[in-house]
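Along the sequence shown, the residues carry numbers beginning at 1. Quick note: numbers below take in every heavy atom, side chains included, and nothing from hydrogens, waters or symmetry partners.
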Amino acid sequence: LDPRVTMTKPLEHEHDFGSLLAPSGRATARPSPMAQLLRKLLQPRFSAEKLKPHAKMAMHRFQIVNSKKATAIKAQKKEIAALLAEGKVGKARIRVEHLIRMDWTIEANEILAIMCELVYERVRYLAASPHCPSDMHEAICSLIWAANRAECPELVQIAKLFHSKFGDEFYETAFQNEARCVNERVLQRLLGGQHLIVLVMLPRLVDPVWRGLLRVWQVAVDGVQRHL
């Protein structure tokens, strides 16, 4: 046989490989059954035995983070008051902005810790539910949304477990907050809001804001109390 004839002869059953390997320059309309199977096998599976300790560790993590931030806030209160007394308004403004963000983060962390506790207490209920329970929908969506925003690596693992449990569509909807399912206070506190805009964009309103903060903090510094 002429070898050239053999080389140019089309391969038999070439179409059988079309569902596994698409020819160069041609895209398949949807993933092949083999690709779908591989994706399903490689995706981490939901495990109640993993979710429960992660939720517990997240609760402890939030407590540690909040304790450190509360200590830092307490130390900065008198520093801000001293800067105001010395007339260093620019430096004081920067300190106040950062301090407000820390205070808001503490509040958001407290809410997220309560949600983690809810997951911890009802992990068996979650494992037995084929879909996200309606009475836990906001908590689960909020934890997924906050996973990459909160200072809690355990929350990332919790979000991954929810992803494997409830699927891609639910996860993406919660992660993007497309259905407005995230707790409103957590959303506002982690994203920031109008309070900081007032401090930066409207200097004429800064003094009343600072006076209010000093009253709340009960900071007594010479040269500041007479302006309250």
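Scanning both residues, I158 and A58, for their nearest heavy atoms gives CD1-CB, 4.1 Å. Between F175 and W145, the shortest heavy-atom contact is O-CD1, 3.3 Å. What you find for C141 and F170 is that their closest heavy atoms are SG-CZ, 4.0 Å. Nearest heavy atoms, L190 versus A146: CD1-CB, 4.1 Å. Between V119 and A55, the closest heavy-atom pair is CG1-CB, 4.3 Å. Nearest approach of M59 to A113, heavy atoms of both residues: CG-O, 3.8 Å.
The backbone N or O of L187 lies less than 3.5 Å from no partner atom in the side chain of N183, so there is not a single donor-acceptor pair. No side-chain donor-acceptor contact under 3.5 Å links T173 to the backbone of E178. With K165 contributing its side chain and S129 its backbone, the two residues share a donor-acceptor pair below 3.5 Å.
Contact of the I111 side chain with the F62 side chain is not registered, since no non-hydrogen atoms from C-beta on lie closer than 4.5 Å. Residues I64 and R61 are not in side-chain contact: their nearest non-hydrogen atoms beyond the backbone lie 4.5 Å or more apart. H98 places a side-chain heavy atom less than 4.5 Å from the side chain of Q76.
Aromatic ring pairs are classed by plane angle as parallel below 30°, tilted from 30° to 60° and perpendicular above 60°; the pair Y171 and H163 is parallel.
The hydrophobic cluster containing M115 also contains Y125, counting ILVMFWY residues as joined when their side-chain heavy atoms lie under 4.5 angstrom apart, directly or transitively. Cluster membership for L118 and F46, using ILVMFWY side-chain heavy atoms within less than 4.5 angstrom, is shared. In this structure, V96 is a member of the same hydrophobic cluster as I106, with clusters built from ILVMFWY side-chain heavy atoms closer than 4.5 Å. Both M136 and L112 are part of a single hydrophobic cluster, where members link through side-chain heavy atoms under 4.5 Å apart.
Between K50 atom NZ and S164 atom OG the span is 9.0 Å, to the nearest 0.5 Å. Distance check, rounded to the nearest 0.5 Å: CZ of R101 to CD1 of I73 gives 13.0 Å. Atom CG in L99 sits 13.5 Å away from atom NZ in K74 (nearest 0.5 Å). In this structure, the separation between CD1 on I144 and CZ on F162 is 6.5 Å, given to the nearest 0.5 Å. For the atom pair L161 CG and S47 OG, the distance stands at 7.0 Å (nearest 0.5 Å). Atom-to-atom distance recorded for T105:OG1 and M102:CE is 8.5 Å, nearest 0.5 angstrom.
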Item to complete: Evaluate side-chain contact (heavy atoms from CB on, under 4.5 Å) for W104 paired with L191, printing each intermediate quantity in order.
Response: CA-CA 9 Å; W104 283 0; L191 290 181; over 6 Å; no
Item to complete: Please report the C-alpha distance between R124 and E49 in whole Å, then the side-chain angles of each, then the deciding distance to 0.1 Å, and finally whether the salt bridge (charged side-chain N to carboxylate O under 4.0 Å, His left out) criterion is met.
Response: CA-CA 9 Å; R124 295 298 176 186; E49 287 72 20; 3.5 Å; yes
Discussion item. Show, in sequence, the C-alpha distance, side-chain angles and deciding distance for N109 and C152, and conclude whether the side-chain contact (heavy atoms from CB on, under 4.5 Å) test is met.
Written reply: CA-CA 9 Å; N109 288 347; C152 181; over 6 Å; no
Item to complete: Kindly determine whether K69 and E151 satisfy side-chain contact (heavy atoms from CB on, under 4.5 Å), including the steps that lead there.
Response: CA-CA 11 Å; K69 289 185 180 298; E151 301 174 35; 3.1 Å; yes
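Ion pairing between R189 and E110 fails under the 4.0 Å rule for side-chain N and carboxylate O. Salt-bridge annotation for E117 and K52: absent, with no side-chain N of the basic residue lying under 4.0 Å from a carboxylate O of the acidic one.
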